[in-house]
Amino acid sequence: MGKTCVICGKPSGMYPLCREHLQMKADGKVIKCEDCGTWHIVGTPCVCTSSEQKSISDKTVLSELTCLLCGELSNGKHFCRACYAKYKDRSVDIRITNCKTVEKLDEYGNLQYRCADGRKVRSRAEAMISDWLYNNKIRSVYEEPVYYSENGETKSILPDFYLPDYGCYIEYNELTSEQYLKSKDYTQKIYAENNLKVIVMNEKDLHDISACLKPKLGLH
């Protein structure tokens with residue numbers, strides 16, 4: 001079986017070019033690439049040049065793609081490494097406006113529990129507390145930041161709920177790990193130092209939220 005033309009694929013006998021393209025070679029219209037040795041028609045790029053340009057183009061496109069969450073370069077991925085590491089085991093709500101701007105609606109992720117008033121919280125316990133407040137017509141704000149100063153630096157904590165009509169916060173202690181308890185001790189210290197009223201709840205209080213909260217809120 002003879003060869004086929006490297007340009008058009010037609011039978012070319014023992015030559016790399018068919019008769020037509022051999023004549024074009026003789027007329028100087030077909031030349032061999034100095035870089036890769038492939039025959040190609042004058043005025044059209046060699047396959048090696050096309051591949052190189054495509055590779056450069058692909059790399060340019062990849063380098064221009066950015067993370068959906070933070071806008072940093074992401075090497076062709078939906079998320080940069082930092083956001084992937086932060087949110088790979090969580091859910092995060094975002095708002096995309098006009099296919100241009102992306103806003104993270106929740107910095108920490110895992111707002112998975114929808115409450116009776118339509119808002120989302122992070123745990124089943126918080127959803128139960130939120131629903132009790134809503135059903136008892138008590139206004140509450142979820143994770144209203146509390147700002148404080150420490151060593152000359154402004155910091156903040158996120159209480160579970162703030163009750164504006166009662167001027168107090170609700171914190172639910174869910175875990176029992178040493179690190180978690182230290183974190184909760186720290187937040188209690190912040191409340192005390194800033195003269196803020198806080199009601200601390202635990203799992204036992206969920207069995208009768210009314211019995212826990214009504215006396216502390218002065219309700220009957």
Problem - Residues K29, Q23; criterion side chain to side chain contact (heavy atoms under 4.5 Å, CB included); working and verdict - result: CA-CA 9 Å; K29 296 179 180 179; Q23 183 58 52; over 6 Å; no
Problem - Closest heavy-atom pair and its distance - G167, K197 - result: O-CB, 4.0 Å
Exercise for the section: Would you give the length of the straight line joining atom OH of Y191 to atom CD1 of I199, rounded to the nearest 0.5 angstrom? Expected result: 11.5 Å
Handout entry: Interatomic distance, Q188 atom CD to E171 atom CD [nearest 0.5 angstrom]
Key = 6.5 Å
Exercise for the section: Answer yes or no: is there a side-chain heavy-atom contact under 4.5 Å between K10 and E20? Expected result: yes
Exercise for the section: Decide side chain to side chain contact (heavy atoms under 4.5 Å, CB included) for I129 and V121; before the verdict, give the C-alpha distance in whole Å, the side-chain angles of both, and the deciding distance to 0.1 Å. Expected result: CA-CA 10 Å; I129 297 169; V121 295; over 6 Å; no
Problem - Sub-4.5 Å side-chain heavy-atom contact between Y142 and R119 - result: yes
Handout entry: Flag side-chain contact, heavy atom, 4.5 Å: N173 against V200
Key = yes
Exercise for the section: Tell me, yes or no, whether the heavy-atom count around Q112 atom CD, taken from other residues, nucleotides or ligands under 6.0 Å, exceeds 12. Expected result: yes
Practice task
Go through Y113 and R124 one step at a time and tell me if the side chain to side chain contact (heavy atoms under 4.5 Å, CB included) criterion holds.
Solution key: CA-CA 7 Å; Y113 296 83; R124 180 186 64 88; 3.9 Å; yes
Problem - Between CZ on residue R19 and SG on residue C5, distance to nearest 0.5 Å - result: 13.0 Å
Completion exercise
To the nearest 0.5 Å, atom CG of D205 lies from atom CD1 of I170 at 10.5 Å
Exercise for the section: Please indicate whether K155 has more than 12 foreign heavy atoms, meaning atoms of other residues, nucleotides or ligands, lying under 6.0 Å from its NZ. Expected result: yes
Handout entry: Closest contact, heavy atoms only, C67 versus S74
Key = N-OG, 3.5 Å
Exercise for the section: Consider only side-chain heavy atoms of I, L, V, M, F, W and Y, link residues closer than 4.5 Å, and tell whether Y166 and Y134 are in one cluster. Expected result: no
Completion exercise
Separation between CG (L217) and SG (C168), nearest 0.5 Å, reads 5.5 Å
Exercise for the section: Please determine, by modelled atom types, if Y162 and E143 share a side-chain donor-acceptor pair under 3.5 angstrom. Expected result: no
Practice task
Output yes when a side-chain donor or acceptor of N194 lies under 3.5 Å from a complementary backbone atom of L196, and no otherwise.
Solution key: no
Problem - Under 3.5 Å donor-acceptor, N151 side chain and E153 backbone - result: no
Problem - Non-hydrogen side-chain atoms of I209 and M128 separated by less than 4.5 Å - result: yes
Exercise for the section: Could you tell me whether the side chains of S130 and R114 share a donor-acceptor contact shorter than 3.5 Å? Expected result: no
Practice task
Report the distance from atom CD of E193 to atom OH of Y148, rounding to the nearest 0.5 Å.
Solution key: 9.5 Å
Problem - Taking every non-hydrogen atom, the tightest pair across W39 and K25 - result: CH2-CE, 3.1 Å
Practice task
Could you pull out the closest heavy-atom pair between K120 and L111, with the gap in Å?
Solution key: CD-O, 3.3 Å
Fill in the blank from the handout: Correct closest heavy-atom pair for W132 and K214 would be CZ2-CG, 3.9 Å
Problem - Side chain D160, main chain Y172, donor-acceptor under 3.5 Å - result: yes
Problem - Centroid separation F161 to Y169 less than 6.0 Å - result: no
Exercise for the section: Indicate the atoms forming the closest heavy-atom contact of C80 with C70, along with that distance. Expected result: SG-SG, 3.5 Å
Practice task
May I have the step-by-step check of side chain to side chain contact (heavy atoms under 4.5 Å, CB included) for L17 and M24, ending in yes or no?
Solution key: CA-CA 10 Å; L17 300 172; M24 290 179 67; over 6 Å; no
